[in-house]
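Taking it in order: structure first as structure tokens, then the write-up.
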Amino acid sequence: QVQLVESGGGLVQAGGSLRLSCAASGRTFSTCIMGWFRQAPGKEREFVARINWTGISRAYTDSVNGRFTISRDNAKNTVYLQMNSLKPEDTAVYYCAASLPGRLWNDYNLEAKYDYWGQGTQVTVSS
């Protein structure tokens, strides 16, 4: 069992930065693939970024590639999402998710492949 709690959301002007954190509890965190998803008003939840258990393999959706960076600290049971050059279209509720290992790497952009979810944190980018 893994429990996830996000923090770090807020209101920021376009061009600004935010760093989201996701604190995990549970002995299996260090073996989990971790992902960030987001859901904008009136839209479906979408994949943002994912990272493997070592932190070496990472992937991003095209719209955030080069602006967002996912990282993890297994000693602290925490995964991060550094968001730079924020745009109004980044406004959404951001969710942290954890997946037990054993699936195909490219499948981890799918919601259904994640076993545990946080409650979400609101990010609002003003123009």
Side-chain angles (χ1 to χ4, degrees):
Q1 188 79 8
V2 178
Q3 294 179 326
L4 305 171
V5 179
E6 302 97 333
S7 61
L11 173 63
V12 64
Q13 288 188 333
S17 298
L18 281 175
R19 187 195 197 200
L20 305 183
S21 298
C22 174
S25 63
R27 294 178 297 171
T28 60
F29 171 80
S30 62
T31 64
C32 287
I33 284 74
M34 299 300 297
W36 285 98
F37 289 74
R38 67 186 180 186
Q39 187 168 21
K43 295 187 177 181
E44 294 187 350
R45 190 155 55 183
E46 65 171 353
F47 165 77
V48 175
R50 65 181 186 267
I51 188 168
N52 76 334
W53 72 275
T54 66
I56 294 176
S57 295
R58 312 177 193 194
Y60 303 90
T61 192
D62 287 346
S63 62
V64 309
N65 202 14
R67 299 188 297 122
F68 290 11
T69 302
I70 188 171
S71 62
R72 68 189 296 163
D73 186 337
N74 287 339
K76 295 182 178 179
N77 276 15
T78 302
V79 63
Y80 305 97
L81 186 68
Q82 177 67 44
M83 305 185 295
N84 298 329
S85 301
L86 281 162
K87 304 175 181 179
E89 51 263 45
D90 294 319
T91 295
V93 177
Y94 283 72
Y95 297 91
C96 173
S99 176
L100 298 175
R103 301 179 173 112
L104 297 176
W105 174 242
N106 286 340
D107 284 350
Y108 288 112
N109 63 328
L110 303 173
E111 280 189 66
K113 300 302 182 182
Y114 287 81
D115 304 286
Y116 307 102
W117 291 84
Q119 82 289 350
T121 185
Q122 177 70 47
V123 172
T124 303
V125 184
S126 64
S127 57

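Looking at Arg19, its side chain never comes within 3.5 Å of a backbone N or O of Tyr80 through a donor-acceptor pair. Tyr114 contributes no side-chain N or O that, together with a main-chain N or O of Ile33, makes up a donor-acceptor pair within less than 3.5 Å. A donor-acceptor pair is defined here as one N or O able to donate and one able to accept, closer than 3.5 Å; such a pair exists between the side chain of Arg103 and the backbone of Lys113.
Contact between Trp53 and Ser30 at its shortest, heavy atoms only, is CB-O, 3.1 Å. Between Gly102 and Tyr108, the shortest heavy-atom distance links the atoms N-OH, 3.6 Å. Residues Ala14 and Ser127 come closest through the heavy atom pair CB-CA, 4.4 Å. Between Ala24 and Leu4, the shortest heavy-atom contact is CB-CD2, 3.6 Å. Nearest approach of Arg67 to Asp90, heavy atoms of both residues: NH1-OD2, 2.8 Å. Residues Asn52 and Arg72 share a closest heavy-atom pair of O-NH1, 2.9 Å.
Taking 4.5 Å as the limit, some side-chain heavy atom of Thr91 sits within range of a side-chain heavy atom of Gln122. For the pair Asn106/Arg50, a side-chain contact is recorded, criterion being any heavy-atom separation below 4.5 Å from C-beta on. A heavy-atom distance below 4.5 Å is found between the side chains of Val123 and Met83. Taking 4.5 Å as the limit, some side-chain heavy atom of Trp36 sits within range of a side-chain heavy atom of Cys96. Using a 4.5 Å cut-off on side-chain heavy atoms (C-beta onward), Glu46 and Arg38 make contact. With a 4.5 Å cut-off on side-chain heavy atoms, Glu6 and Tyr94 do not count as touching.
Rounded to the nearest 0.5 Å, atoms OG (Ser63) and CD (Glu89) are 8.5 Å apart. Separation of atoms CD (Glu44) and CD (Gln39) is listed at 8.0 Å; rounding is to 0.5 Å. In this structure, the separation between CD on Gln13 and CG on Leu11 is 8.0 Å, given to the nearest 0.5 Å. Here the CG-OG1 distance, from Leu100 to Thr28, works out to 6.0 Å after rounding to the nearest 0.5 Å.
In terms of hydrophobic clustering, with Ile, Leu, Val, Met, Phe, Trp and Tyr side chains grouped at heavy-atom distances under 4.5 Å, Val93 and Leu18 are assigned to different clusters. Residues Val64 and Tyr95 are members of separate hydrophobic clusters, defined by side-chain heavy-atom contacts under 4.5 angstrom among Ile, Leu, Val, Met, Phe, Trp and Tyr. Both Phe37 and Trp105 belong to a single network of hydrophobic side chains, linked directly or stepwise wherever heavy atoms of I, L, V, M, F, W or Y lie under 4.5 Å apart. Neither Phe47 nor Leu20 shares a network with the other; the hydrophobic side chains, linked directly or stepwise wherever heavy atoms of I, L, V, M, F, W or Y lie under 4.5 Å apart, form separate groups for each. When hydrophobic clusters are built by joining Ile, Leu, Val, Met, Phe, Trp and Tyr residues whose side-chain heavy atoms come closer than 4.5 Å, directly or via intermediates, Phe68 is grouped together with Ile51.
Evaluated for a side chain to side chain contact (heavy atoms under 4.5 Å, CB included) with Ser99, the options Asp115, Leu110, Asp107, Val2 yield exactly one hit, Asp115.
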